[in-house]
Amino acid sequence: MSDITVQLKNGDEKSFPAGLTLQEIAKAIHPKLGKEALVAKWNGNLTDLNYKPETDGKLEFITFEDPEGQEVYRHSSAHIMAQAVQKLFPGTVLAIGPAIDNGFYYDFDCEKTFTPEDLEAIEQEIKRIIKEDHPFERSELSREEALDFFRKIGEHYKVELIENLPEDAVISMYQQGDFVDLCAGPHVPSTGKIKAVKLMSLAGAYWRGDEKNKMLQRIYGTSFPKQKELEEYLFKLEEAKKRDHRKIGTQLNLYSIEEEGPGFPFFHPKGMILRNELEAYWREEHRRAGYLEIKTPIILNRSLWERSGHWDHYHENMYFTTIDDQEFAIKPMNCPGAMLVYKSQQHSYRDFPLRLAEMGLVHRHEKSGVLHGLMRVRAFTQDDAHLFMLPEQITAEIKNVINLVDRCYRLFGFQYHVELSTKPEKAMGSDEIWEQATDALAQAMKELGMEYRINEGDGAFYGPKLDFHLEDSLGRTWQCGTIQLDFQMPEKFDLTYIGEDGQRHRPVMIHRVVFGSIERFIGILTEHFAGAFPTWLAPVQVRLLPIADRHVEYCDSLKEKWEQEGIRVEVDDRNEKIGYKIRQGQLEKIPYLLVVGDKEVENKSVSVRKRREGDIGTMEASAFAEEIKSEISSRK
RNA sequence: GCCCACAUAGCUCAGUAGGUAGAGUGCCGCCUUGGUAAGGCGGAGGUCACCGGUUCAAUCCCGGUUGUGGGCUCCA
């Protein structure tokens, strides 16, 4: 047999005898590569390592270091888990089992509901299968053969999947041991490649993600090439849980949620400081950006909601009440109220763009299973605004809002990504109008050179939107800011302005929020800073720690003075040692702890201990006050 | 709403093979007045989420309700 020449990732060309598998080539290049390679990219296509190239080509080996390698590794892990489940629970029907970020899952249809003990047994079985080191073997077959095969073994979900594959799709199966699964692949060479596996959790999941379909049992797991990597990952998860805003919210006494009000958070004094500081910052930014502030009622007559379309399109999310035999709704959105404010006066094109902002408290009936601390609640305050403008002002206004959002997120050092959501099934308005609105949003992003993904069919019922997503401590993302273009409300409410020509015209409207909801934003902030808020936000900015009783008086006088100057100060005058007070202050993440003893009283100074740096020495009390005041006002 | 799990002191958690509960921490009091991450002693504090059932007896077993957690669906 003749040789083939392959071009490697680093550009080198090497010749190998034809008939070798990619696995053997990897091993020939370097024994370590032979061990670590999971799959290969042969001429740009992900390929199993037991493939035998017969021509020259480009070759790149993929290891666990590569995102694609992780995906294949976890996907193979999912197959092994499925094999284990079918071994232990014969008759279990398979649905889908993909790799996901940080792991994999597989959905099963099984008479018996799995218990945590079952997970342990499955994990043991997985280990056994790994030890037996079965090769993953690929085979391709025709549509008819595939349908026939999966029908015969009763895998009706697979049959449904095959039926939905495009006409020209290559249909392949993978087999390891006596287990066969419909799968495009590729896979690692054999089950022995998988080293450390852990099944993480059990959950229900609807077939094809549709709640009308049967609920299947989903098992989540993760896997790593080394036990140590698995342990590190689990440790990182534990650490992330310590940042959970629900935990920190309780520890720092920011807020609580009581059984009497599921999804209706109670803000405690310290949480209110966060809210109020955020709102003050928000008002400053919005005043500068040319916004006017309004406040509209929380309860409004049914007729308004019928007119806005909420009665038809949002009914199941709304709360209702009756006043004097008339039906009213508790507002789930602020827009209809803003419409009425707009309509209460005549407008000229000269007023545009007219930017009406509102910190609006809305109530939405969220399903009980979706509530999540402050991130997902049933009552929240949107930092809303409705912008009214001429059609030619649209792009500029959208860009203004994008820049405002960017500025506000940057202040906190947030990473975010943007999604463009398009027309949903349940929508008002024609396709043309939707297309026009969607293009305007895309255009603004393009002009600012910003990246975004498309989220098909996820727009609001009245218009498409740009959503800004932030991450929580576990990497779950939450929509915060959003910009929504709306050609519907102005129509429904017959909004007009007098144009240059003296005639009435229809304005264009944008809904937008920056924080999204104050509640969710505080949740995100808490996890981002792990409770160690920047000084301007910190509920307690300074705590004075007198060493002995005789120093309390001096501390009290500083506290009184500084409070007048707008600093949030406490004195820890408890009968405890200084180390004890410091420990508590540190655990409460107070930015500045000031130790005060005889020296400090005598010199009118304070000994400063900064949250992260620790003891930074003594300074004059007045000098410290000036420094912290400038730190606060600059919001550093 | 659906699936699985969980609910014990303000907080974090033990516990009872069914005989009405315990630690740490926090809180209060006393001693101690101490210089950069936990000083000592004492005390108060719980209808063991709620409602039923089984039982001589239920915090524990069974059923239901509510709430919470992890997912699914849905959403700021």
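Throughout, protein chains are lettered first and strands after them, A, B, ... in sequence-line order, and every chain is numbered starting at 1.
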Point to revise | Sugar-phosphate, base or nothing in reach of A/I578, heavy atoms under 4.0 Å | key: sugar-phosphate

Practice item. Kindly point out which of B/A37, B/G70, B/A76 is positioned nearest to the side chain of A/F380? Key: B/A76

Point to revise | Of the listed nucleotides B/A5, B/U36, B/U33, the one nearest the side chain of A/P116 | key: B/A5

Exercise for review: Could you tell me whether the phosphate oxygens of B/G70, OP1 or OP2, come under 4.0 Å of any side-chain nitrogen or oxygen in A/R476?
Suggested key: yes

Revision key, fill the gap. Considering only heavy side-chain atoms of A/Y580, the closest of B/C4, B/A38, B/G35 is B/A38

Review point. Using a cut-off of 4.0 Å on non-hydrogen atoms, how would the nucleic acid contact of A/R218 be classed: base, sugar-phosphate, or nothing?
Key: sugar-phosphate

Revision key, fill the gap. By nearest-heavy-atom nucleotide on RNA chain B, the more 5' of A/S368 and A/E576 is A/S368

**Study point:** Rounded distance in Å between the P positions of B/G15 and B/G34
**Key:** 44 Å

Check your understanding: Using a cut-off of 4.0 Å on non-hydrogen atoms, how would the nucleic acid contact of A/Y206 be classed: base, sugar-phosphate, or nothing?
Key -> base

**Study point:** Side chain of A/V370 (C-beta onward), nearest among B/C72, B/G70, B/G35
**Key:** B/C72

Review point. Can we say A/E456 and A/K423 salt-bridge, meaning some charged N sits less than 4.0 Å from an Asp/Glu carboxylate O?
Key: no

Exercise for review: Let me know the distance between CD of A/E259 and P of B/A49, rounded to the nearest Å.
Suggested key: 11 Å

Exercise for review: Could you work out the separation of B/U25 and B/G67 based on their C1' atoms and round it to a whole Å?
Suggested key: 25 Å

Review point. Quick one: is B/U36 close enough that its OP1 or OP2 comes under 4.0 Å of any side-chain N or O from A/Q586?
Key: no

Check your understanding: Between A/E570 and A/R543, is the closest basic N to carboxylate O distance under 4.0 Å?
Key -> yes

Exercise for review: Would you mind classifying the nucleic acid contact of A/Y220 as base, sugar-phosphate or nothing, using non-hydrogen atoms under 4.0 angstrom?
Suggested key: sugar-phosphate

Check your understanding: Does A/R550 come within less than 4.0 Å of A/D598, counting only side-chain N to carboxylate O?
Key -> yes

Exercise for review: On the 0 to 90° scale, with breaks at 30° and 60°, tag the A/H363-A/F264 ring pair as parallel, tilted or perpendicular.
Suggested key: tilted

Practice item. Assign A/E613 to base, sugar-phosphate, or nothing according to its heavy-atom contacts below 4.0 angstrom with the strands shown. Key: nothing

Check your understanding: Is there a donor and acceptor pair closer than 3.5 Å between the side chain of A/E260 and the base of B/G67?
Key -> no

Study note, to complete from the structure: Separation of B/G34 atom P from A/K599 atom NZ, nearest Å, is 13 Å

**Study point:** Per A/R550 side chain, nearest of listed nucleotides B/U33, B/A76, B/U68
**Key:** B/U33

Review point. So which nucleotide from B/C4, B/G39, B/U68 ends up closest to the side chain of A/T113?
Key: B/C4

Practice item. Under 4.0 Å between any heavy atoms, over every strand shown, what does A/L371 touch: base, sugar-phosphate, or nothing? Just pick one. Key: sugar-phosphate

Point to revise | Euclidean distance, atom CG of residue A/N213 to atom P of B/C74 [Å, nearest integer] | key: 12 Å

Check your understanding: Is any side-chain N of the basic residue among A/K610 and A/E613 closer than 4.0 Å to the acidic one's carboxylate O?
Key -> yes

Exercise for review: Examine the base of B/C28 for any acceptor or donor lying under 3.5 Å from a partner atom in the side chain of A/R574, and report the outcome as yes or no.
Suggested key: no

Check your understanding: At under 4.0 Å between heavy atoms, what does A/V362 touch on the DNA or RNA strands: base, sugar-phosphate, or nothing?
Key -> nothing

Check your understanding: Can you tell me if the side-chain N/O atoms of A/Y592 get under 4.0 Å from OP1 or OP2 in B/U36?
Key -> no

Review point. A/M200 near the nucleic acid: base, sugar-phosphate alone, or nothing, with a heavy-atom cut-off under 4.0 Å?
Key: nothing

Practice item. Would you check if A/E358 and A/E293 make a side-chain contact, meaning some heavy-atom pair closer than 4.5 Å? Key: no

Check your understanding: Contact class for A/G369 (heavy atom, under 4.0 Å): base, sugar-phosphate, or nothing?
Key -> base

**Study point:** Shortest side-chain distance from A/P262, nucleotide among B/C27, B/G67, B/U33
**Key:** B/G67

Point to revise | Between B/G40 and B/U47 - C1' atom distance, rounded Å | key: 36 Å

